[in-house]
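The structure appears below as structure tokens.
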Amino acid sequence: MNWRVDRYDLPLSNPFGISRETSETSETVVVELTREETTGIGAVTPSAYYNESAASVAETLPSLCEVVDRIGDPHAQQRIEQELDEQAPDQPAARMALSIAVHDLAARQLNLPLYRRWGLDPDAVPPTTYTVGIDSPERMAEKASGAAASGFGHLKVKLGTDDDRARLDAVRDAVPDAEIRVDANAAWTVQEAIDKADWLADAGVTMLEQPVEADDIDGLRRVTDATGIPVAADESCVTASDVPRVADACDIVNAKLVKCGGLRPAMRLLNAATAHDLDLMLGCMVESNASIAAAAHLAPLVDYVDLDGALLLASDPYSGVPLEGDVFDLTGMSAGTGTRRTRDA
């Protein structure tokens with residue numbers, strides 16, 4: 001088995017702001033595995049919030065590829081995952097990239113799209129949101145209008161500033177008919193979140209994601225109990241083992257491959273959340289189609305999809321699952337995740 005690891009700094013269409021940072025590029029690592037003339041592609045945009053970087057992932061991936069090469073069979077995914085966990089237990093982003101590449105390779109060898117290999121229903125894919133990052137109220141309204149004009153009826157609005165209400169009001173005035181979900185990325189105190197919930201509800205907000213600090217589970221519970229808006233846990237719920245501790249503190253959990261380490265771990269998180277009667281969401285970073293495409297194949301399992309990361313890039317050397325309006329069309333995939341390199345970065 002041969003492999004290739006590439007690093008890209010992919011430019012964003014606009015600076016993307018959340019409560020704790022603003023980004024202008026997506027630091028992306030791509031791994032390609034080739035066996036018997038078939039290539040599987042996987043990628044990740046690691047987050048410093050979870051103590052990983054493009055440099056650390058790129059440094060780790062060759063040794064992880066050696067594990068896959070030694071095992072030899074991309075269909076031996078249970079064994080591959082176990083050995084990667086043992087070798088890189090604290091590097092889920094690196095494991096994620098290789099997990100995607102292995103699944104893509106195995107499905108391509110079978111000439112099946114990944115969702116069909118799992119037996120999932122392509123008609124069950126919910127529409128994806130389009131995320132409006134923190135900016136001036138005027139620019140946020142402009143971005144929201146552009147997204148709505150492009151067919152996105154569900155918007156995620158990033159908040160966590162000293163003037164959240166002006167920003168949300170500007171977006172709501174610009175897109176009066178859009179469904180709006182709000183993500184504070186752990187920026188508010190419990191009391192701030194409870195106080196803001198009233199005017200968020202008045203503005204028709206349909207989801208409040210991670211309003212308080214990640215480790216403040218009691219605070220998350222207090223916010224959930226205080227508002228009728230469904231509350232989602234993102235930073236508070238990283239892997240399946242976190243689900244029991246947040247189960248009575250939120251309504252929804254947000255599964256991201258970058259947090260939990262790949263496709264099989266994401267499935268375990270979703271199964272655990274289902275067992276606790278929580279609604280399910282798939283999220284992403286601002287990242288390439290080389291990783292978004294794989295997550296899209298899990299979309300039939302969830303209630304909410306937030307997989308717009310590649311749409312926020314000015315340039316992406318990979319294509320992925322096509323969008324029909326705001327819904328991923330899995331039936332357009334012939335084999336694997338559907339990712340392919342379209343040009344050099």
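Predicted, not measured: the structure shown is a model, and the values here were computed from it.
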Verify the distance criterion only: is there a donor paired with an acceptor across the side chains of T34 and N2 at less than 3.5 Å?
-> no

Check whether any side-chain N or O of T60 sits under 3.5 Å from a backbone N or O of S56 as a donor-acceptor pair, and report yes or no.
-> yes

Heavy-atom nearest pair, P113 first then H297, reads CB-CE1, 4.3 Å

What's the verdict on side-chain contact (heavy atoms from CB on, under 4.5 Å) for I41 and I100, showing C-alpha distance, side-chain angles and the deciding distance?
-> CA-CA 7 Å; I41 301 170; I100 293 172; over 6 Å; no

Heavy atoms of L278 and C250 approach each other most closely as CD2-O, 3.4 Å

Atom of D104, atom of G338 and distance for their closest heavy-atom approach = OD1-N, 4.3 Å

Keeping the roles fixed (side chain from T22, backbone from P15), state whether a donor-acceptor pair exists under 3.5 Å.
-> no

Tell me, do H103 and W118 make a side-chain contact under 4.5 Å, heavy atoms counted?
-> yes

Are any of the side-chain heavy atoms of S236 and V253 separated by less than 4.5 Å?
-> no

Charged N to carboxylate O below 4.0 Å: is that the case for D242 and K259?
-> no

Mind checking whether M333 and P322 have side chains closer than 4.5 Å, heavy atoms only?
-> yes

Below 4.5 Å, heavy atoms only, C-beta onward: do V102 and P74 meet side chain to side chain?
-> yes

Non-hydrogen side-chain atoms of V286 and T45 separated by less than 4.5 Å = no

Looking just at side-chain N and O atoms, do S288 and T28 make a donor-acceptor pair shorter than 3.5 Å?
-> no

Between the main-chain N or O of A93 and the side-chain N or O of E52, is there a donor-acceptor pair closer than 3.5 Å?
-> yes

Distance-only donor-acceptor check, side chains D329 and T331, under 3.5 Å = yes

R139, CZ: over 12 other non-hydrogen atoms inside 6.0 angstrom = yes

From CA spacing to verdict: salt bridge (charged side-chain N to carboxylate O under 4.0 Å, His left out), K256, E287 | CA-CA 12 Å; K256 292 179 180 175; E287 54 191 322; over 6 Å; no

Which atoms form the tightest heavy-atom contact between F328 and V321, and what is the distance?
-> CD2-O, 3.6 Å

Would you say D279 and P230 make side-chain contact, with heavy atoms under 4.5 Å?
-> no

Can a salt bridge be assigned to the pair R222 and D216 using a cut-off of 4.0 Å between side-chain N and carboxylate O?
-> no

Given the rule that I, L, V, M, F, W and Y join up when any side-chain heavy atoms are under 4.5 Å apart, are L105 and V67 in one cluster?
-> yes

Ignoring hydrogens and geometry, is there a side-chain-to-backbone donor-acceptor pair from R117 to G336 under 3.5 Å?
-> no

Are any side-chain N or O atoms of D303 and backbone N or O atoms of L280, one a donor and one an acceptor, separated by less than 3.5 Å?
-> yes

Full working for side-chain contact (heavy atoms from CB on, under 4.5 Å) between W188 and L208 | CA-CA 12 Å; W188 298 332; L208 176 54; 3.7 Å; yes

Is the closest basic N to carboxylate O distance between D218 and R221 below 4.0 Å?
-> yes

So, for N111 and A335, which heavy atoms are closest and what is the spacing to 0.1 Å?
-> OD1-CB, 3.8 Å

Spell out, yes or no, whether I80 and V5 are grouped together once hydrophobic residues are joined by side-chain heavy atoms under 4.5 Å, including indirect joins.
-> yes

May I ask whether V30 and V57 are part of the same hydrophobic cluster, defined by side-chain heavy atoms of I, L, V, M, F, W, Y residues being less than 4.5 angstrom apart, directly or through others?
-> yes

V29 to A54 - nearest heavy-atom pair and separation | CG2-O, 3.6 Å

Cluster link L114 to L282, ILVMFWY, side chain under 4.5 Å = yes

Going through the checks in order, is the side-chain contact (heavy atoms from CB on, under 4.5 Å) test met by Y130 and L312?
-> CA-CA 9 Å; Y130 186 98; L312 305 179; 3.5 Å; yes

Give me the ring orientation class for Y8 and Y318: parallel if the planes are under 30° apart, tilted from 30 to 60°, perpendicular past 60°.
-> tilted

Just by distance, do the side chain of S99 and the backbone of L263 share a donor-acceptor pair under 3.5 Å?
-> yes

Where do T227 and L200 land on the side-chain contact (heavy atoms from CB on, under 4.5 Å) test, with the steps shown first?
-> CA-CA 10 Å; T227 179; L200 292 173; over 6 Å; no

R172 side-chain N/O to A203 backbone N/O, donor-acceptor pair under 3.5 Å | yes

May I ask you to test the P265-T239 pair for a side-chain heavy-atom distance under 4.5 Å?
-> no

Is a side-chain N or O of T224 found less than 3.5 angstrom from the main chain of A249, in a donor-acceptor match?
-> yes

Heavy-atom donor-acceptor pair, H154 side chain to E179 backbone, under 3.5 Å = no

Indicate whether any N or O donor in one side chain lies under 3.5 Å from an N or O acceptor in the other, for N271 and T274.
-> no

May I ask you to say whether E235 pairs ionically with R20, meaning some side-chain N is under 4.0 Å from a carboxylate O?
-> yes

In K158, E209, Q210, the residue satisfying side-chain hydrogen bond (donor to acceptor under 3.5 Å, both in side chains) with N185 is K158

Would you please say whether a donor-acceptor pair under 3.5 Å links the side chains of T128 and D308?
-> no

Say whether, by atom type as modelled, one donor and one acceptor occur between the side chain of T131 and the main chain of K156 under 3.5 angstrom.
-> no

Given side chains that start at C-beta, do those of Y49 and E21 come closer than 4.5 Å, heavy atoms only?
-> no

If you measure from the Lys or Arg side-chain nitrogens to the Asp or Glu carboxylate oxygens, is any gap between R79 and E83 under 4.0 Å?
-> yes

Is a side-chain donor-acceptor pair under 3.5 Å present for T129 with D306?
-> yes

Indicate if M207 and V223 have the same hydrophobic cluster label, given that clusters are the connected sets of ILVMFWY residues with side-chain heavy-atom separations under 4.5 angstrom.
-> no

